[in-house]
Each structure stands twice: as structure tokens, then as C-alpha cells.
Amino acid sequence: MDISTQKTGGAEDAPPPHDSTPPTTPASAEQKRAARGATRPGDRIFLGLSRGSGILLLVIMAAIAVFLAYRAYLAISKDEANFLTTFEWNTNLVPPKFGIAVLAFGTIVSSIIAMAIAVPIAVAIALFITHYAPRRMSGPIAYVIDLLAAVPSIVYGLWGALVLVPHMDGLFGWLNDYLGWTGIFSWDEGAPRSMLTVGVLLAIMILPIITNVSREVFRQVPQMHEEAALALGATRWEVIRMAVIPFGRSGVISASMLGLGRALGETMAVATVLSPDFDIHASLLNPGGGTFAQNIASKFNEATEYGRDALIASGLVLFVITLLVNGAARMIIARRKEYSGANA
Amino acid sequence: MKLQRMNRRALTLGALAVSGALALTACGSDDTGSSGNSSSSSSATAAAGSIKCDDAKGQLLADGSSAQKNAIDAWVKNFTQACSGVQVNYKGSGSGAGVTAFTQGQVAFAGSDSALKPEEVTASKSVCSGGQGIDLPMVAGPIAVAYNVSGVDNLVLDASTIAKIFDGRITNWNDAAIKKLNPSAKLPDLKIQPYHRSDESGTTDNFTKYLIAAAPSDWKYSGGKAWQAKGGQSAAGSSGVAQGVKQTNGAIGYMELSYAKDGLGVVSIDTGASAPVAASSDGATKAVAAAKVVGTGSDLSLQLDYTTKADGAYPITLVTYEIVCDKGNKAATLPATKAFLTYIASTEGQGILSGIDYAPIPDAIISKVRTTIDGLS
């Protein structure tokens, strides 16, 4: 309210729009509206524009949902196999047989691996930039991390296939030797084009977005909190543990969810690096598995009309998974609202 | 703070500039790639004088099989040199996409690795007024089975061994079945890693058709564009499979012959002929010569004999078709379509194929194709 009155005052030397009321006229309904900032044409146009944009967004989302649901219905109604539990994708068979079990598993597993690797590293980088690095160094490091976000995903895919895959041999051998007994890390010496490789690549791809947002959050920790902790004799690590991390936790969670969203939907990089098949393997090191986006990318070109409907049905499941994940993240953030400074 | 925000904006601009430059260089290298191919087709340019343009002009849109994209590119280069009024635009976005675009009337002709299915013929009738879509075989190509095993130069396999390898039932290179076919080779004790396509593909379709026909007791799957056997490794596109086989010691995979280069061995097939047959353009033409025309009317779809024992006939061969309307082609594009198809079915057109690892269609069949093209309306 204060701000809008000030603005009205400041605009006095410019020719006032004809329907505006100077701040000096006695209080009236019109002036109250002026104080709310909704009578000048500019305000009204802006209000209309922003309200229209908001409504447009909802309409677009609803349209996407309706389109996905309709095409998915066309496909699923003719699917002979169970759509949720079948380990096969063959839409050209008569009758067609396809299911999303493998894709859902692969999408979630690869994203979990990516998050497990990326979040700790991203938080560490953000803390280093905001609290440890000399000021002259922190800028360039932040820029380099930002540049990672500008690399197109197909370039990551090619780099992954040509450079990362051949270099995973050593790590895979080591994991197999020491952790092979768990079953999760057993390896049959195949080319390392597996879920773990995909997870590592996705981790690199989502690193910049998590780092970036976390850095902004950590930078906004009130100086007083840190100084108070220091005054009590805390070391720098204790300051970070007691003041910085609790303050930034909800921000880091939202940053991670942004990253997770990218990991769930990543297409080309996964399609280039993974050696997919329609089976669920206990081992993360053996090739196989698949993700929704990768499957759509690799099947779409040669798919028939019906095959495309089936792929769209799988897209609908990804849409639902993403909604669930984002909803869960919102709930977590809402529960920690008292700490949230950055996200309020 | 403000300064940093400005810096970040500058950085975004910088990043845009860098990625833009990357995109531009990508286009640039693409161009040099296609001009690098020209060496093989330049020999045919001299003969391009015999291309008849008639009253062809305008833009000819086509879409379909990526397997014949390189052949079409070479043809388009010669054709547009002779007929400067015509622009041929072939998008290699896949057989399925090509047929869909054709039945929706978006393209003048489509390229496809498999003949039209009955329901696709029905759909084509709405585009071809008074006629229907027909298949014209134009390009054949050998599908090579390529492997990466150090120390093994000339590998011979037969259909049943290939089926067992790709089904995961022969898992080691020193298996008795492989030894029996290669008595003189030093086969290592090494795990076999079969590679197949992860995307749906006409190459997979033709490769599995061969396995179904030639090794029915060892390959129990129904076939199709999607790979059905479990296990093994996979990659997208023939180039992806070639890359994967190259990277992995002990790997074996199937791909179009032009991809089986640089450090990959190519399997010779024991068909029961007097000697094992190597994958070659010549062998593919001989195999197509043994094919039967199964299309009705002016449709010329072929049925290959995958069990052929003819000397020198390479059985794993892919035939790709051009799909047009027999009657009721759009008046605006008909002259250009006829002129282009006439050229690619001509002796010169077919002549450039073997130089780029494809195979020409044998005389008996291509002469029928020429007659059919003359009758298009």
C-alpha cells in the first residue's frame, strides 16, 4: 500500500492519466481503489494480462492431460496384456502386448541413483562457493557450473557413449570385486551401458540446477545467525551445521526436486548411453532396463498410429509420477515452513 | 549482488552464443559429411545427361526409411543437377513415419523397408483417387553380421548358430558349434556379447525374418520391427550398434554393410552353398534374384527366399521400396515423381548403388518396375 502511494506521488511531474486521482483528493471509494493500484489503464491491462496468463496455464495443462488421457485410453483399451505389470513392449503384435513395469522401474531407479550422487556433491559445491572459497574464486566456479546447464543433452549423450562408457570399466570391476556379493553390484563383464552409468550421467546433468538454487539459498542465510554462532565459539563447520543447513534445508529440497524433474524426463542422453531391454535386473551394472522418455524416443520413429498411442499412454504414467513426486516435495517443504527464508 | 546478477545475464548470453556456435558447427560438419560421400556418385554424374526431366518442376516431398537415405541422397544429387527445376526433399524419419505421411497425403512417395500392410493399402485409397498405394522395390542391401574378436579374421556362421548366439544360448566364443564351422580359427575363451537394435527398425525386421525362415527350430519368436529376444546388449540405430560392437571385445551385432567398417570383422554365412557367402552388394543382388513377386496387380512387393542355397547369394538381405499411388497421384507432383523414379530405376540410377554399399535390383525385377512407373497416372 505504501509503495503504490509513493509511486503515485512520484509520477506527478509526468502528465497524469486522465482517470487517475491525485493523492491529495479527499478519501473516496475511487481513491481506495487507486491505493490498491487497479484503476489506471496500465494496471488494468497488466492485471488482465497476468490473470489471463494464469488461466492460460491451467487450460494448457488441462488440455495436455485430456489429450494424454484420450490417446492412452485408445491404446490401453486394446492392450491384451496388463498395462502395469507386463515386461514387454510390442505394439505391432496382433493382439498387441505392452506394459510399463520395466519403464517405471528404470525411470525411478536411474533418477534415485542420479539424486544420490548429485545432491551431496551439489550441496558441497554450493557450501564451498558461499562459505569457503575466496571471493575471487567463487564467481568463476559458479559460472563453470552454470555452463554445464547450457550443454545440450544430446552432447551429454554422445560424451557419455564415447567417453564415459569406456571409462566405467574400472569402477564396475572394483564394485563387482568388493560388492558383487550383494547382487546389486554384480557384473557379467558386459559393456558398462547400464542403469548405474545412466545414473552417473544424469547426476552430472542435474548438478548445475541443484547447485545454483542451493547457492542462492545459502547466500541468504542471515548474517546475524552466523555471527551469533561464531560468537558462541562455533567452528566454521559448526556454523554450517547449526545455522546454514537448517535454514537452507527446504530450499535444497526444492532445488533437488527441480533436478529430479529433469532426471525423470531426460531423453536423448539416456537413449544414447543405455543398452535397453524389457526386463528388470537386480544388478545395476548389467545392461538392460529402460526409462519412459528413452523408450518413447527410440520407438516413436517407426511406430504405427496405434504404437504412438501406446507410447503416449506411457507418457501419461510419467506425467502422473512427476505429479506425485512434486506433490510429495511440496508437502515436505510445507512441513518445514518455519525455516524457509528463501522460499517464503 | 546487482553486479553479479548482470554478470549472470552476460553469462547466459555467452552460453547461448557458445551453444549456438556448437549448433552451427554441427550443421557445418553435416554438410562436409555429405559432400565427402560424393566421390562415389561423381562417377555417375557424367551419365546424368540421359536423365529425362520432361515437364517436371516444383518441390517433391518424400519421407520414410532411413536405410535407403544414403542412396536417395546420391540420386537426388545427380537428378537435381540434370533437372534444375525440381527440388527433391527426402526426410529419412523411418519407414513407419513415411507410410503414415503417405497415407495422410503429405508426401508424393514414401520409402519403406517393408511392403504395405492390407490396412495401409486401404488407408492409401483415400489419398490415391481411383487407385491405391503400390510397392516398387528400388534398393537392396546386405545386412552384415559384424563381430569384434581379436585374432579371428574369417568367421563363418550358419543360421542356427546365429540364432542361438542372439538368443543367448551360445554364450562363449569357443563353443563347439562355432568351432565346428571354423576348424582353423583360434577361438578365444571369451564371453559373447550380442548387440541388437533398441529402436524399432526395418533392419531388425529383415534380420529376424531370415532367422525365422532359415533356423525355424532355433528362433521361436514371431518377428517384427521390435527386438523380441531377452538379454544381450542394445543400441539405437545401425551406427549405435556398430559403435557398441567396436567398443566391446567379444561383441557381435547386425547392421547395414556400410556401417561394418574400421576394425570390425564381417561374418560369412554358411548357407549350404559350395562356399560360405560374404556380405557384399553382389551377393545381395543374387539373393534378390531368387525372390518371388507376391504383390498383386501393379504392386511389386517381393518375398525373399532366405533359405536360398544358390552360390554367392547372400541371404540376409533387405529390400526397400518406394511407395506411390498407381492411379490418382497429385497432378502437381506427378511429372516430377515419374521423372525421379524413372531415373532411379534406370541403368545409371541402379549403377551407382554398389559403390555405396547397397545392391541394385536384378534385371528381371527392375524391368517390371520400369514398366509400372511408365504406367503411373
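Because only heavy atoms are used, hydrogens play no part in the values below, and waters and symmetry mates are left out as well, while side chains stay in.
- For the set P166(A), P287(A), A191(A), the entry with the most heavy-atom pairs within less than 4.5 Å of chain B is A191(A).
- At a 4.5 Å heavy-atom cutoff, V273(A) makes no contact with chain B through either its backbone or its side chain.
- Only the side chain of Q228(B) comes within contact range of chain A, with at least one heavy atom under 4.5 Å from a heavy atom of that chain.
- Within the 4.5 angstrom heavy-atom criterion, only side-chain atoms of Q193(B), from C-beta onward, approach chain A.
- Annotation for K69(B): atom NZ counts as buried by contact number, over 12 foreign heavy atoms lying within 6.0 Å.
- Of residues 237-250 of chain B, those residues with a non-hydrogen atom less than 4.5 Å from any non-hydrogen atom of chain A are, in numerical order, Q243(B), Q247(B), T248(B).
- Enclosure of atom OH in Y70(A) is not indicated, since only 12 or fewer non-hydrogen atoms of other residues, nucleotides or ligands lie within 6.0 angstrom.
- Among residues at least two apart or in separate chains, there is no salt bridge (charged side-chain N to carboxylate O under 4.0 Å, His left out) pair with a member in residues 227-244 of chain B.
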Decide yes or no on side-chain contact (heavy atoms from CB on, under 4.5 Å) for K299(A) and D199(B), but give the supporting numbers first.
-> CA-CA 5 Å; K299(A) 300 273 194 285; D199(B) 48 341; over 6 Å; no
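- For a residue to count as touching a neighbouring chain, one of its non-hydrogen atoms must lie under 4.5 Å from one of that chain's; by this rule F300(A) does not touch chain B.
- Between chain A and the options A235(B), S95(B), A97(B), heavy-atom pairs under 4.5 Å are most frequent for S95(B).
- Taking chain B as the reference chain and counting heavy-atom pairs below 4.5 Å, the highest number among G290(A), G288(A), S298(A), A271(A) is found for S298(A).
- Looking at A297(A), there are no atoms closer than 4.5 Å to chain B (heavy atoms on both sides), in backbone or side chain.
- Atom CH2 of residue W89(A) and atom CD of residue E200(B) lie 10.0 Å apart, to the nearest 0.5 angstrom.
- Using a 4.5 Å cut-off between heavy atoms, L162(A) contacts chain B through both its backbone and its side chain.
- Both the backbone and the side chain of S198(B) come within less than 4.5 Å of a heavy atom of chain A.
- Of the listed residues (G223(B), A226(B), S93(B)), the greatest number of heavy-atom pairs within a distance under 4.5 Å of chain A belongs to S93(B).
- Closest approach of G232(B) to S275(A), counting heavy atoms only: O-OG, 4.4 Å.
- Contact annotation for N286(A): neither backbone nor side-chain heavy atoms come within less than 4.5 Å of a heavy atom of chain B.
- Shown here for P276(A) and H196(B), the closest heavy-atom pair between the two residues is O-CE1, 4.3 Å.
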